[in-house]
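First up is the structure itself, then whatever we jot down about it.
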Amino acid sequence: MSNWLIKKNSFEIEDIEKHGSKFLLGNGFMGYRGTMEEYSANELVAVNLAGFFDLAENSNWRESVNAPNPLYTVVSVNGTELNLSTLTPVSHCQTLDIKNGIHTRKTNFFVDGINITVKAERFVSMSRENVMALKYSITADKDVKVTLKTGIDKNIWSISGAHLNFINEEYNGNLLKLDCETVQLKNKLTVYEAVLGLCDIENRDLLHNCDINLKANTEFEFTKFGGVYHGGSLLNSEADFTAAVFAGYQQLKAEHITAWEKVWENSDVIIEGDEEAQLALRYSIYHLCSIAPHNTDKCGIPARGLSGQVYKGAAFWDTEMFMLPFFQFTDSVVARNLLKYRVNTIDGAKKKAKEFGHEGAFFAWESQETGEDACTLFNVTDIFTNRPQRTYFKDKQIHVSADIVFAMWDYCRTTGDYTLLCDGGLELMYECLWFYYTYSSFKVYKNRYELLDVVGPDEYHERVNNNAFTNVMVKHAANIFVQAIDKVKTLNPDFLKDFDKDLNWAYDFAEKLYVPQPNEKGIIEQFDGYFSLEDVTPEVLKTRELMANEYWGGHGLASNTMTLKQADVVMMLNVFRNEYNTEIKKSNWEFYEPYTEHGSSLSACAYAIVAAEIGYTDWAYKYFMKTASVDLTGNTKQYLGSLYIGGTHPAANGGAWSTAIFGFAGVSFTNDCLDISPRLPSNWQSLSFKLNWKGEKLNIKASSKGVEIDGIVNSRVTVYGKDY
Ligand code: BGC
């Protein structure tokens, strides 16, 4: 069991924020932070909703909405609230069972000579996405009258202002209902609550007090249910919620556990020989599955998952480049939903391209429900002047469109599901390519296209020319588009009749787009002129800081130096692992590693995977543990300038899975062949995992003894390059 349990046996007030993310529950529709039942806005309580956004009055940005909290409950003894954030406990234990998606707490308080223990167990249902349930109990060592306040708490965390108008409260046959409306678009949201096993209450208020006479050493227990509905689910919400309450806690819990069993059946990875790595990897997978859009293609996965409103609840390239590989190999429904979301939001991307004077589809750097870019032009506040600082993530980080094209093609060729191409996918590829074509500059004297004035993954260097990652990505996107046309020609020739576009420009662009090449030492320059910047590492830069949290990008400390925020060239080597040989990978890994700050949680996994490929297994392990335990330790950057950026890190979680599978198990693939070439850390006896490969489920076990593959393989699979 220990491999599935996250546990904290003490309480430190400064951990409230960190633990809210660490002990997060979620089901893709909503995330419920790991806060205590008695907490409110101050302790960052949030029922964070996927794909539901709003602009608060006087706010500069739209962000995801947190719903009122239907599980709120607090006990008082003689007027003293048993609130962990204000009353020192005798003992406290908080757990998260990641196998079953269940959160518990047990806290012992000592008040007025009485020992009182509160216990709570809760889950956010994996089988009924709008529903959550709580079992709560109180025990005292003496007879005592306690007051219980429970109901729906409106006082929840919101970073950028209030998002909800409360328009109606109703109490009807044990059902408490709160109707809300968003401030900006007047979208409806309804929250329900019901309690069973408490005294009968007539005409309940939203938060209701109820007296309970506790008998010494006799546990008093009740159950509570919460329902959150918006959009289409509103239509039938009351019936849906009533059915859940009627089913009761045990039945809901059993269904929920069965749903999680199915999730793990497809996604678990077993490491023999390393308990710590096992827990960290499973924990990463738990997070990915808790925030995946299982039932909708209307939203992406936010960069901080469903742990809060950080980064505006928006989806970044993080989804396609870091999380999608996990989904395409373990749950192709989610992978398709994510890609279809991009297809569905292409109008936002076209609008953005126009806004910046281009054509085609320039996808949002921060994408919300319509695909319009939520990223502002002034993303960071300068901590010296307190003025907004111009950043170029929105208008210059153009690689995002190519990332999406790349991911879409990868999805098609690994799942074998090419239908997406005729369901908006090919059109999306075309529009992205056309965007790049209109963005590019053709240098007549060099007879090549170049991509000038861009930002690559390393955000500390803005407005650079010919960023290697970007150029290679776009070149691939162009080649993918050409291949995708051929694929559709064979699969569905009729479809192309409606797709009569003159494509000569695309072939020309694919052929003549410049790609930076390794120099005589085998090193690929990150962008034009990078080698002539000041040769300084992050350690030295740190000593030059005038203030903590000083932003190194913009015109900050790193911009004129070789220090980079995150994997850039190494990210490229990771993505295109079949295109570069070991020597090139080694030279670049060694060259760039000392200059990389890993100031983004996206960085470590790229270094880990490439390190595994080039045989630097100890380094690979170090970076693997960094990416896999990022949300367990919570040791990440919390501020960018004065901007709060805490929460969970799903891209790093995806990177952990990718490191295990592509790095250590050595899985790689081409259009028609899957290769497995394991290189496990020395203490790992074996690594077992499932992979969906072209519609078939393979069970794979890699160890020093060899590779076992169980499943029906209709296409070519090789082991260390040899036919299997
Ligand atoms: C990184 C980006 C990433 C974003 C959201 C930034 O700090 O530099 O690459 O997309 O965070 O995770």
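Each ligand, and each atom within it, is numbered from 1 in the order the structure gives. Note that this is a predicted model, so its numbers are computed, not measured.
Taking a cut-off of under 4.0 Å to the non-hydrogen atoms of Trp317, the atoms of ligand 1 that pass are 2 (C), 3 (C), 9 (O), 10 (O). For ligand 1, the atoms lying closer than 4.0 Å to a non-hydrogen atom of Ala303 are 5 (C), 12 (O). Those atoms of ligand 1 that come under 4.0 Å of a heavy atom in Tyr311, given as number and element, are 5 (C), 6 (C), 7 (O), 11 (O). Which parts of ligand 1 touch Leu602 is read off a 4.0 Å heavy-atom cut-off, strictly below it: atoms 3 (C), 9 (O), 10 (O), 12 (O).
Taking CG of Leu557 as the reference point, atom CD of Glu597 lies at 10.5 Å (rounded to 0.5 Å).
Residue Lys565 holds the heavy atom nearest to atom 7 (O) of ligand 1 of all those in Glu459, Gln566, Lys565.
Using a 4.0 Å cut-off between charged side-chain N and carboxylate O, Glu613 and Arg577 make a salt bridge.
Under 4.0 Å from ligand 1, not a single heavy atom of Ile645 appears.
Under the 30°/60° scheme for interplanar angles, the aromatic rings of Tyr460 and Tyr551 are found to stand perpendicular. Using bins of under 30°, 30° to 60° and over 60° for the plane-to-plane angle, the ring pair His19/Phe23 lands in the perpendicular bin.
Ring pair Tyr592/Tyr530: centre-to-centre distance below 6.0 Å.
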